[in-house]
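Below you'll find the structure, written out as structure tokens, and then a few comments.
The sequence lines fix the lettering, A, B, ..., with proteins before strands; numbering per chain opens at 1. Values below: every heavy atom of this structure, side chains too, minus hydrogens, waters and symmetry copies.
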Protein chains: 2
Amino acid sequence: MSTPVPEATVARLPIYLRSLRELAEMGVKTVSSNRLAELSGVNAAKVRKDLSYLGSYGVRGVGYEVRYLIFQTSRELGLTGDRGIVIAGAGHLGQALANYPGFAQKGCRICAMVDVDPEKVGSELGGVPVVGPDRVPEVMDQNPGAIVVVATPAAVAQEVVDRFVAAGAHSILNFAPVVLSVPEGVAVRQVDMALELQVLSFYAEQGERSASARRVQSVGS
Amino acid sequence: MSTPVPEATVARLPIYLRSLRELAEMGVKTVSSNRLAELSGVNAAKVRKDLSYLGSYGVRGVGYEVRYLIFQTSRELGLTGDRGIVIAGAGHLGQALANYPGFAQKGCRICAMVDVDPEKVGSELGGVPVVGPDRVPEVMDQNPGAIVVVATPAAVAQEVVDRFVAAGAHSILNFAPVVLSVPEGVAVRQVDMALELQVLSFYAEQGERSASARRVQSVGS
DNA sequence: TAGATTGTTAATCGATTAACAATC
DNA sequence: TAGATTGTTAATCGATTAACAATC
């Protein structure tokens, strides 16, 4: 049993991967932790520490081979093969996601959409079959390791998630503006623009306060 | 000078606020740190610590008055008055955001969109005027404390941000899949579904590994 | 008063990072 | 070899949380 990869490290691996792909694109063969850190907006020691969780893939005095590191990082993230995605909720957002071509590009395959609307169940939206909630266990069995994308109204998100977790879901991307409660071992990531805007509002207010303080200061001095 | 509010605390205030609004909606007058913690998916001690940065707004033996705490939290987040938003990039995403009715609901006012396309500049999209990049300083001056939402292609995001920062922007919500580099004192929040999916892929893979290990175990035993 | 709950201290925990021996 | 850079240790930092005196 190796050391578990810390959450903070897992969250940074996709950023490194993006930087590495850019380098590969540019024909760069080898990269130092320093350069990779710069491209990824982090500290070089952190890069080395993070990468050390994957193994010893660097060469002292030389750096990391870009293509090999891409391979190892992708492998660690489980980005080999194609990853199934099940969309819960076939409303506006769900349909927009189903039509989004970026998924296939990134090695993701949308297996199904789940909705309660009998008008939608049985049809296809954006080439993806829509099934009823009763078929959740079946969908999850047929697509082990699928990521569930929650695009339902907030009011029903928790019960929907409970159903998916009971059917074996381990990974959930939540667009509904609610805190989901899930058992140990289930990973949840949240995408919530309204929340982010409120956080930024705090700093915008702060920025304004110090900006006006500076204005007062310079007028006063 | 009071203690600065830690970043982690600022990021949680909008979650508390959402829980508090739900409680108010339900007619609840008073809430304990325990209940608020439960609703917000965090530890009760953390709630009390976080709220203590705003001031002493609780009553020992009783709890926090919901309406008053909503007021204080909103004030701390700068959610009083209306917050200006400038959208950089009038493409698909930018237009979708301009048409999103949720902004006005949350006390946000979209001041302008900025785009380089001469076809778009001078027009209105979703009721929002589109201006050229040369008018960025003017827009930021007229809307102090505005949040910049970056909805441009990744390739130009950094230069666009540089322009806005030079014009006095303090808060940036970035939808472009790039790491932005900004000076000290400028806040950036990132919304990136592809990144979140890759993080979840890691845990989906892990979940599958342990699930299949369990299957092997139970077959073997 | 007795019970409840805050606000805060201090312990704990985990993540970050400087520093440097190992080594290409 | 000399210079560069990794991998890892240990110090530092900040965030979390248990515990409890204060007090309604």
Side-chain angles (χ1 to χ4, degrees), chain A residues 2-16 19-20 23 28-70 72-73 76 179 184 187 199 202-203, chain B residues 2-16 19-20 23 28-70 72-73 76 179 184 187 199 202-203:
Chain A
S2 57
T3 323
V5 184
E7 269 192 52
T9 296
V10 173
R12 278 188 296 266
L13 292 180
I15 300 175
Y16 299 150
S19 304
L20 288 165
L23 289 168
V28 176
K29 299 292 179 208
T30 275
V31 67
S32 68
S33 59
N34 235 303
R35 178 87 183 102
L36 185 52
E38 198 180 358
L39 289 170
S40 307
V42 303
N43 178 294
K46 202 187 285 189
V47 167
R48 291 199 297 277
K49 186 118 235 252
D50 284 341
L51 295 182
S52 75
Y53 288 107
L54 316 192
S56 283
Y57 300 135
V59 180
R60 285 167 151 94
V62 178
Y64 302 86
E65 198 199 323
V66 173
R67 296 193 63 83
Y68 187 55
L69 200 50
I70 288 177
Q72 289 296 349
T73 309
E76 188 73 22
V179 173
E184 180 97 356
V199 172
F202 175 89
Y203 293 106
Chain B
S2 56
T3 325
V5 185
E7 268 193 51
T9 295
V10 173
R12 278 188 298 267
L13 291 181
I15 301 176
Y16 300 151
S19 304
L20 289 165
L23 289 168
V28 176
K29 299 292 180 209
T30 275
V31 67
S32 67
S33 59
N34 235 301
R35 178 87 182 100
L36 185 53
E38 197 181 0
L39 289 170
S40 307
V42 303
N43 177 293
K46 202 187 284 187
V47 168
R48 292 199 296 278
K49 187 116 233 256
D50 284 341
L51 295 181
S52 76
Y53 288 107
L54 315 192
S56 283
Y57 299 135
V59 180
R60 285 167 150 93
V62 178
Y64 302 86
E65 199 198 324
V66 173
R67 294 192 64 82
Y68 188 55
L69 199 51
I70 288 176
Q72 289 297 349
T73 310
E76 187 74 22
V179 173
E184 180 98 357
V199 172
F202 175 89
Y203 292 106

Partners meeting salt bridge (Lys or Arg N to Asp or Glu O under 4.0 Å) with B:R12 (sequence neighbours left out): B:D50
Those residues that, when tested against B:R35, pass salt bridge (Lys or Arg N to Asp or Glu O under 4.0 Å) (two or more places apart): B:E38
Closest contact, heavy atoms only, [X] versus [Y]:
X     : Y      : value
A:P14 : B:V199 : CG-CG2, 3.9 Å
B:N34 : B:A44  : CA-CB, 4.0 Å
B:S19 : B:L36  : CB-CD1, 3.7 Å

Against B:Y16, only a single residue in B:V42, B:V31, B:L69 fulfils side chain to side chain contact (heavy atoms under 4.5 Å, CB included); can you say which? B:V42
Nearest heavy atom decides the nucleotide; on that basis, is A:A8 or A:G61 closer to the 5' end of DNA chain C? A:A8
Earlier contact from the 5' end, DNA chain C, for A:R60 and A:E7: A:E7
Say you draw a straight line from [atom1] of [X] to [atom2] of [Y]; how long is it, rounded to the nearest 0.5 Å?
X     : Y     : atom1 : atom2 : result
A:E76 : A:L54 : CD    : CG    : 5.0 Å
A:L20 : A:R67 : CG    : CZ    : 11.5 Å
B:R48 : B:N43 : CZ    : CG    : 8.0 Å

Footprint ends on DNA chain D, 5' to 3', for atoms under 4.0 angstrom from a heavy atom of chain B, come out as D:dA15 to D:dC24
Canonical and wobble pairing (Watson-Crick, G-U, under 3.5 Å) of DNA chain D, dot-bracket with |: ..||||||||||||||||||||||
Toward the 5' end of DNA chain D, which comes first, A:V62 or A:A45, by nearest nucleotide? A:V62
Tell me what B:R35 touches on the nucleic acid: a base, only sugar-phosphate, or nothing, going by heavy atoms under 4.0 Å. nothing
Applied to residues 34-69 of chain B, the ring-ring contact (aromatic ring centres under 6.0 Å, His included) test, sequence neighbours excluded, yields B:Y57-B:Y68
Got a sec? Which of residues 49-59 of chain B come in under 4.0 Å of DNA chain D, heavy atoms? B:K49, B:V59
